[in-house]
Amino acid sequence: MSNQSLEATVEPADVQSWIDAIGREPSAAVPLLQAIQGAYGYLPRKAMDLVIANTDVNASQLYGVATFYAQFRLKPVGRHLIKVCHGTACHVLGADRLNTSLNHILGITDEEEDTAANGSYTVEDVACIGCCSLAPVMLIGEEAFPNLSGADAQRSLKKHARKVKEVLPGHEEMQNEAKAKKAAKVQEVRA
Amino acid sequence: MNGMIITVGEGTCGIAAGAKDVMTLLKKQAPEAEFRVVGCVGMCHREVMVEIENPDGQVYLWGDVDRKSAPKIMKFHKGAGDLPKDNLIRSSENPDAETDAYLARQTRIALRNVGHIDPKSLEQAQGRGSYVAIKKMVAEMSPEDVIEQVKIANIRGRGGAGFPAATKWTFARNAPGDKKYLVCNGDEGDPGAFMDRSLLEGDPHTVLEGMLVAAYAIGASNGYAYIRAEYPLAVENFQKALEDARAANLLGDNILGSGFSFDVKIKQGAGAFVCGEETALLASIEGERGMPRIRPPFPAIKGLFAYPTIINNVETLSNLGWIINQGGKAYSDIGTSGSKGTKVFALAGAIKNGGLVEVPMGMTVRQMLEEIGGGSSTDYPIKAVQLGGPSGGCIPASLFDTPIEYEAINATGAIMGSGGIIVMDEKSCMVDISRYFLEFTQLESCGKCTFCRIGTVRMQEILSRICDGKGTMEDLDTLEELAHKIKDSSLCGLGQTAPNPVLTTLKYFREEYEAHVKDQKCPAGVCKGLITHFIVQDECTGCTICERYCPVNCIEGELKKPETWVIDQEVCINCGMCVEVCKPDAILVQ
Amino acid sequence: MSETVSITLNGQQVEAEAGATIRAAAEAQGIKIPTFCHDNRLKPFASCFLCVVEVEKARTLLPACSTVVGPGMVIHTDSQKVTDSRKMALDLMLSDHAGDCIAPCETTCPANIDIQGYVAHIANGQFEEAVHLIKRRNPLPVVCGRICPHPCESECRRALVDEAIAINPLKRFSSEYEMTHGIVVPKAGPDTGHKVAIIGGGPAGLSAAYYLRQMGHAVTIFEALPELGGMVRYGIPRFRMPWDMMDNEIGAIIDLGVEVKFNQRLGSDFTLADLKSQGFGATLLAIGAHKPKPMRLENEDVPGVLGGVDFLRMVVLGEEVDVGKKVAVIGGGDTAMDCCRVARRLGADVTLLYRRTQAEMPSLPIEQEETEEEGVEFRFLTAPSKVLMKDGRAVGLEVITMELGEPDDSGRRRPVPIENSEEDLEFDLIIPAIGQDPDMSCITNETDKPDTTRWNTFIYDMDTCVTSIEGVFAAGDCAFGPDIVIRAVGEGRKSALAMDQYLNGKETKLEHEYAISRGRLADLEMADFSPRFVHKKRALEGVHPPEKRLTNDGGWAAINMGLEQAQAMAEASRCIECGCNARFNCDLRDYSTEYGATETRLAGNKRACDEDKRHPLIKIESDKCITCGSCVRICDEVRDVHALTFVERGFSTRIGPNFGDPLQVNGCDACGMCIDVCPTGSMAANVGKECGPWLSEPTNTTCTSCSKGCGLMVRVKNGIVVQVRSINDDPINGANICAEGRFGYQLMANGATNNGSDPIQGARDVIFNAKSVSVVVSTQLTVEQCFAAAELAQADGGRLYYASGQSITAESKPYGKITGEANVALLSRLGAKPWGAGTNSDCIVLVGATLPEAELGSAKVIAVSAYDPGINGAIVLPVADPLSSDGAFLNRDGQLTILRSPFGDAGERAVHRVLAKLAGRKALSDLGGLRSKLAEKVTELAPITRLNGERVAATELKPELVPAALDGRGAAFAKHMKGMELGWN
């Protein structure tokens, strides 16, 4: 499954309802983007165009703001979002390892990519979420996972994936590799 | 079990540690008990924390409660089991000296209600004295009186810069304009600081009370609470507080019939450290990129939407109600000559009792670390603390007798900042920590000024080079020169303080830098470019677990044949996964 | 009187206007503070931090652009701390700046010829201008055009697309165009009274003489041989370097007033000391390297062995050289090839002996190829070991076979003799051509000898050509050792500059201008270049076949035919223009030079961005951006367009069109103000070779696009408008011009062309055969055009109408061109009525106007228009560029503004001229005549005065005439933009 399929379908009426609720003045830019991202997980171009067309927020401002704040994403997000905290405490206690191990099990190898190829999970680095005594921490959706090692992160993710019935591409690959190795060994023994 | 009161700490930390699960479980076990939810008491290292008050008045404080221990605790309370000692922090019968000291050494003003009330209950907040100050203020005090008390209290901005609050207010009070704004700065971006979160989550009414005091003093009728979007619970609880306060006529038009009107809107930050800077924060509220603006004009004269605006930090605001109630004098009796009152710190890292603490100004760093923090949590002694996050600096153990007050802290090269303290032992690399902070500021720079935008990247690149063992002694000089120039030629606080972590570590831990450069060694064994992972075959059991977890497939060997196991150094990225999963500790890092 | 505050500025107590910024206060005192992000049109921003100053008691340095002065402020604008900070700001910006200030061909050329500039001229067909540009740096382009081994081409980036530009053939083409179209001679400077002696009339000496004469110094060349030219004449055979061409070129130099003393050899005929006593204030040693390098073999000084350059010189001098039947030439350089080819022409069988393989031969491949074609036998891996003698004369060589070993210092594999492989070869003449040395015997008689190196060259400063003896300079082969002609030419110029400084009693010092480069060709990726251009083969010069080469004029006729004109223009247009558009007006460059900043000191990662050329008029090269944000702000704050924005944050912060879309879909109205405020070449006009860049003088003029009268700064180079910019502090519109003022000239250059045989006559026939004629004008024409149209209407008793389109007033669009009803006043005055349906005519002349088809009815329509050929029955005539004509119009304040534009005559295509022809009124085709007629008609315009180049105001016009007179360029734009998704009105 490619990221393409993660593109949201934008209903103009929805965008209009947010504009009606939040306002049309330039200062509404951030909350409007937050509403859009809240609904779609990212900022679909069409929704932003609707904001530009129907408010006093101009394209320069909206695009500038959308690319400035860490919260906003212009690319579609996976069906589940993993946030890895990179506060100081988490860094000192090995938050990098969470990324390494999560990317591994999700089969994400490209440095530019943050979403598994099957669109299941997106791994995002976030600034300190303020749970420093529980470092390192990650969130899958709303659920927090404290005091993680790299291996813990994988285990938690596997568990989550089983619950929400997602396939982890990296994990599948690892299993296939292991199977192939085993098969090769069996062959060897037989020979 | 009638009459039993069970209180669960459900701050973000508590929830992250599983408080919701524990709550569900306890409710099943003791359906007849009264359940209460409170914010974070600050002892984050013992989350999930549960306080159980028996019908006989005996109070037990339990820590590290989880699915396994919760039933045992309930069994004990039902008189059917042994005392689960590991989970007991203290009880009336079993006082715990360390915990008592932990609490006793603190002076809780800002945090006075946190952990004691359900943050969603206005009633409980009022039960502990919230809004008494407002009634007093609108009935008895003029705005000038309020400013006078705050001036006597001599409270300085707790957000980092430490500017006297009353002085700033006076500017805004005197600024012409029919409309003024009060902004609560809850954009707590310092990694490692979470006092604002705790306050907004655990005691929103105290923060709101502070906003009312400030607004009354400067004559503002509109307020914004700018809260990080990363703190959803804080937003939720503060929103609830606003609604309840409005319903109780503590907020909105003609508050308590006094003629004073003030209302507050929440603006959620969208993830930008620089928005902690006043002018950037205003730009952000106005819907712009959070790019700082030149001062003057100062926001107190020309701020939000060009109206006079005061921006006060959450913690500053949380002190105001207390000051109105107790008087400025009572506040200024606490602390040192230059720094009055208390300061909240977030202790994290290699410290036993990590969490939120509030101490009187003047306490030494050592006292805080040892008497409250309980010392190192590892086998190694504490070698330094990093104070003030990316804007702050490191204070080495040799300076731990420095009193916690603005001037003394500044003299070390660190800053008080918002109060994040990362405790570091011998296993922390000071070069790596500098690199971490510069990487942070480099990403968080708004990109406007040359020195901050490019200079911090160049510093980070040099630090990365040093961490990779590719640095030169000349690099150290360049680093220092860059650091001074960036401090000198940046528009806002972010740039002006960004080099502090480097300057202080260079000052106090130069030998660590030199070890990286001259000896190609990372004394703490942290920097990936300077370490190697080996399998000690004598220790290895050939269990294959490392092979399975290695993300780059650089470990190979045959099942149960330890002598065959090796790491391919060409491929290894020194991520440390293998070390983490190896049961017999057969992997050596050099 | 505004309030003031007292401040101390660099130690001086001065009064500054209260509320002024430090920058403004300093400027009022004549202290200029550098800045990138500040512009008077914009609100203070404080981002570049170049303008920092030290204010006593301030915690940090402060940005002068936005810090307001306070009473008692003590400010230092030039302290060490300030200078250091500025330098670091520049170092940082440069560390993230990528581009080529100057194209690599130019920086590689030892004489630094503006190659990109002259190639652009050739592409435009401006061959004379190309020569002018070349001759600024090289007085011997014909010589170099024939024989230069063109190191420039080896660095040409076009090679990363397909093949390098044929730079040298292009130079040859333009320089030979000069030969046939009148030689370009600069002027000798006014006499300075200083005398310079140049010893040696070769390329270095001639070049020095050329520049020294332009500076006004008296020059005497002392030449040891009977003719000038040095090695070019005596070391290069004339089938490669035809003498007539060379003589022309040298003649032009001598004609500047150079005295030449032939057959005067230093050492034997005069000494350096003599020159000093004769009053020569400076002496240049340019004696070349004419002594063949010895082979260091036994018996090499016997008859039958003749050094390569000696051989070539003797042939030129007409001395008898007995080549016999078999000649051996030893060596692999160009001289060796020349010796082979000359010996062939003298009738011998020639064998070339070279100790390595062909791959290592230093001569140009084409030379090797031609030499072989001419029947010379190449023997590789063969080295002479002994000269074989008989009767006191050489009769052959003992040679030894070599093999290639390890690479040596030059990177080429070292030849190693194979033991016992000796072999004897018979030859009548042996010509070792393995290099040459300067002949230092010339200074043995001196008491005060210039120091020399162990390679027998003069010790000298490579920047200033200064030798160890005061007043004595050195240049060319005798200084740096044998090298290519263009290097000697370059050094000749350098030495002239240094001698000029010396003669004027100044310190001899070379000014280095900052320039950044993307890197050497070898370090660049083809993938970054190749896909961006349409591939096209390099032009090849015509060369005669070998038989012809050996027989034409006894083998001495020129063998290379060069490029044809069309070929040259096509080849020149292959240039991919590496050098920056902003080369001559880049603040970043200027300040970097001033503060000595470099891109290397704080080198690190750079943001890599693609060049964005999607907009037809504006190019964004983000690689060059220093993120000052001026473009975003002018678009946002001033123009209210919002087409640009800051993207991302931190180090990645960059500037670009919203959403990364093409600029034109973001509402950009192509005003190009972003270009004006850009301190680097990041925002630039998306123009090609027609605009250089060339160094050009700016002229201030007034825009004729509409009646507003905006000031324009126009750069013109040889009759071509290369750039139009706004004028700082122009009060008319706050220095904000619109797209038409800026780009109008360019669009006109691309305008439609005449397609008929004689459309004017055809149109006249139609008009005068009609029963009733209606002339309908657009409300966008200039005053003169309207008037000419009115005259046409009257010529045949017709009527004048106007078709007003959308009305744009100065109020509705503060920075745009005003059109429509705002201009009706003037037209009414000329008797025009609004066009309305039902107006009956059997002939309608549309001047810049369009009408719905229905309104045209069955009338014959003649459209004088460049932009809408779609009208039924229309005869299309091009509208010329009004900027190319003089124009008079009214400015906003109701004053008549007259300008004399610098653009010269518009030619036959000028609108008023076309109209005059249609009307058959010759008098009107001259603007002066047109104006005086206009003045008669509209009496208020009477006292029209013409003031050269000045924007003046002198009028007694009535207010209702104020917003008058436009031209047709708005519509021309519309056409240009059609299909480019650009909205235009």
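Heavy-atom basis, side chains included; hydrogens, waters and symmetry copies ignored. Letters go in sequence order (proteins before strands), and every chain restarts at 1.
Rounding to the nearest 0.5 angstrom, the gap separating the CD atom in A:E143 from the CG atom in B:D21 is 7.5 Å. For the atom pair OH of A:Y121 and CG of A:L106, the computed distance is 8.0 Å after rounding to the nearest 0.5 Å. One distance of note links CD1 of B:I351 with CD1 of B:I422; it measures 11.0 Å at 0.5 Å rounding. Atom CG in A:L32 sits 11.0 Å away from atom CD1 in A:I52 (nearest 0.5 Å). Remark: A:H80 NE2 to A:T122 OG1 distance equals 10.0 Å, nearest 0.5 Å.
Looking at B:K427, there are no atoms closer than 4.5 Å to chain A (heavy atoms on both sides), in backbone or side chain. Both the backbone and the side chain of A:A151 come within contact range of chain B, each with at least one heavy atom under 4.5 Å from a heavy atom of that chain. Proximity to chain A is absent for every atom of B:I545, based on heavy atoms less than 4.5 angstrom apart. B:S198 does not touch chain A: none of its heavy atoms, backbone or side chain, sits under 4.5 Å away. Only the side chain of B:I573 comes within contact range of chain A, judged by heavy atoms closer than 4.5 Å. Of the two parts of B:K528, only the side chain, counted from C-beta on, holds a non-hydrogen atom closer than 4.5 Å to a non-hydrogen atom of chain A. Residue A:V65 touches chain B through both its backbone and its side chain, counting heavy-atom pairs closer than 4.5 Å. Only the side chain of A:L134 comes within less than 4.5 Å of a heavy atom of chain B; its backbone N, CA, C and O stay farther away. Residue A:E177 touches chain B through its side chain alone, counting heavy-atom pairs closer than 4.5 Å. Residue A:E142: no heavy atom, backbone or side chain, is found under 4.5 Å from chain B. For B:D196, no part lies near chain A; criterion is any non-hydrogen pair under 4.5 Å. For B:A229, the part lying near chain A is the side chain, with the backbone staying farther off; criterion is any non-hydrogen pair under 4.5 Å. For a residue to count as touching a neighbouring chain, one of its non-hydrogen atoms must lie under 4.5 Å from one of that chain's; by this rule B:S428 touches chain A with the side chain only.
Annotation: maximal heavy-atom pairing with chain B below 4.5 Å, among A:K83, A:Q34, A:E25, occurs at A:Q34. Residue with the most contacts toward chain A among B:R197, B:M577, B:E230: B:M577 (heavy-atom pairs, distance under 4.5 Å). With chain A as partner, the option from B:Y436, B:Y231, B:F194 having the largest number of non-hydrogen pairs under 4.5 angstrom is B:Y436. Options A:H86, A:Q37, A:Q71 differ in how many heavy-atom pairs under 4.5 Å they form with chain B, and the most are formed by A:Q71. With respect to chain B, the highest number of heavy-atom pairs below 4.5 Å among A:G64, A:A89, A:A127 belongs to A:G64. The candidate with the highest count of non-hydrogen atom pairs below 4.5 Å against chain A, out of B:R228, B:Q386, B:H45, is B:R228. Top candidate by heavy-atom pairs under 4.5 Å with chain A, chosen from B:C446, B:G189, B:C429, is B:C446. Of the listed residues A:G170, A:A29, A:A70, the one with more heavy-atom pairs under 4.5 angstrom with chain B than any other is A:A70. Most heavy-atom pairs under 4.5 Å with chain A, from the set B:G192, B:G354, B:P390, B:G447: that is B:G192. Annotation: maximal heavy-atom pairing with chain A below 4.5 Å, among B:I15, B:V274, B:I285, occurs at B:I285.
Using a 4.0 Å cut-off between charged side-chain N and carboxylate O, B:R435 and B:D432 make a salt bridge.
For the 3.5 Å distance criterion, the side chains of B:E580 and B:Y549 fail to qualify, holding no donor opposite an acceptor.
Not less than 6.0 angstrom separates the ring centroid of A:H160 from the ring centroid of A:F145.
Taking 4.5 Å as the limit, every side-chain heavy atom of A:H171 sits out of range of all side-chain heavy atoms of A:Q154. The shortest side-chain heavy-atom distance between B:C546 and B:C582 does not fall under the 4.5 Å cut-off.
Exactly one of B:C44, B:C13, B:C40 qualifies for a side chain to side chain contact (heavy atoms under 4.5 Å, CB included) with A:S133. That residue is B:C44.
Ring geometry, B:F273 versus B:F440: the interplanar angle exceeds 60°, so the pair is classed perpendicular (tilted spans 30 to 60°). Using bins of under 30°, 30° to 60° and over 60° for the plane-to-plane angle, the ring pair A:W18/A:Y40 lands in the perpendicular bin.
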Given A:S17 and A:D20, is the side-chain hydrogen bond (donor to acceptor under 3.5 Å, both in side chains) satisfied, shown in steps?
-> CA-CA 5 Å; A:S17 71; A:D20 293 341; over 6 Å; no
